[in-house]
Amino acid sequence: MRKPFVAGNWKMHGSKAFVLNLVTGLNSKSGELKGVDVAICPPSLYIDYTLRSLSTDTISIGAQNMAEEPHQGAFTGEGSASMLKDLGCRYVILGHSERRAIYGETNAEVANKVRVALEAGITPILCVGETLQERESGVMESVISEQLDAVLSLVGIAAFKAVVIAYEPVWAIGTGVTASPAQAQDVHAFIRAKLAQLDAVVAENIIIQYGGSVKPGNAKELFGQPDIDGGLIGGASLDADDFIAICKAAEV
Ligand code: 13P
């Protein structure tokens, strides 16, 4: 039985005042969370402040990206896995479509970052997903396969025991258009079946989150699908009431 996992990706939003207000709201409602793992991923600059503001251990912290270089060095502007570990991060989002599209991250770079995160003892939340054009031109499955294969060929299927996958159709991110529960379930089942060809036990146990315009009003139906194990939440994770409502919708 997989325990659902909901993570909030705050993206590049916030200020100290905003973080304090949001985390205060999460602290006061965290007692309501049962049967679901929850994490929040603030901008790196606010990770430490967020952790200091959190007064509950039912909510973990993750980062939104990290360098390929695992430790320290002359990499101006970067932050490493060992630094995230030192700060207290349990998760790191890798290969988000915004990183791929805006910053040109390749499948090979994402794979390398997954390897580095695993070596540092941080759980990668590996994002995969197709654009609308890729979906409409019938290459959705091959795009997602290539995104997964790059990582699989570098770290091997056994390492996926410690990986979370987030399926995020690019066309559903921040658009208010969500994949229908059936559309999302189809892709989640495809991903799980692909992994099952390599290792049935890993495939059965891996958490596959859905991300893309998840809101309190649509979360329950999405999370009720057999292969959807929670969500990666953008906009709605910036509101404590909405985020907690979404986390509760994932509870088993
Ligand atoms: P939205 O929930 O704002 O659509 O963002 C989804 C996302 O990109 C989470 O990583």
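The residues of the chain are indexed from 1 along the displayed sequence. Both ligands and their constituent atoms are indexed starting at 1 by order of listing. Quick caveat, the model's predicted, so the values are computed rather than measured.
Applying the ring pair (Phe, Tyr, Trp, His ring centres under 6.0 Å) test to pairs two or more places apart or on separate chains, none has a residue in residues 192-241.
A distance-only check finds a donor-acceptor pair linking the side chain of Q64 to the backbone of K11 [under 3.5 Å]. With hydrogens and angles ignored, the 3.5 Å screen pairs a side-chain donor or acceptor of S213 with a backbone N or O of G176. No donor-acceptor pair closer than 3.5 Å links the side chain of Q225 to the backbone N or O of L222.
For D86, the salt bridge (Lys or Arg N to Asp or Glu O under 4.0 Å) criterion is met by no residue, not counting sequence neighbours. In this structure K3 satisfies the salt bridge (Lys or Arg N to Asp or Glu O under 4.0 Å) test together with D37, sequence neighbours excluded.
Using a 4.0 Å heavy-atom criterion, the residues that approach ligand 1 are N9, K11, H96, E168, A172, I173, G174, G212, S213, L232, G234, G235.
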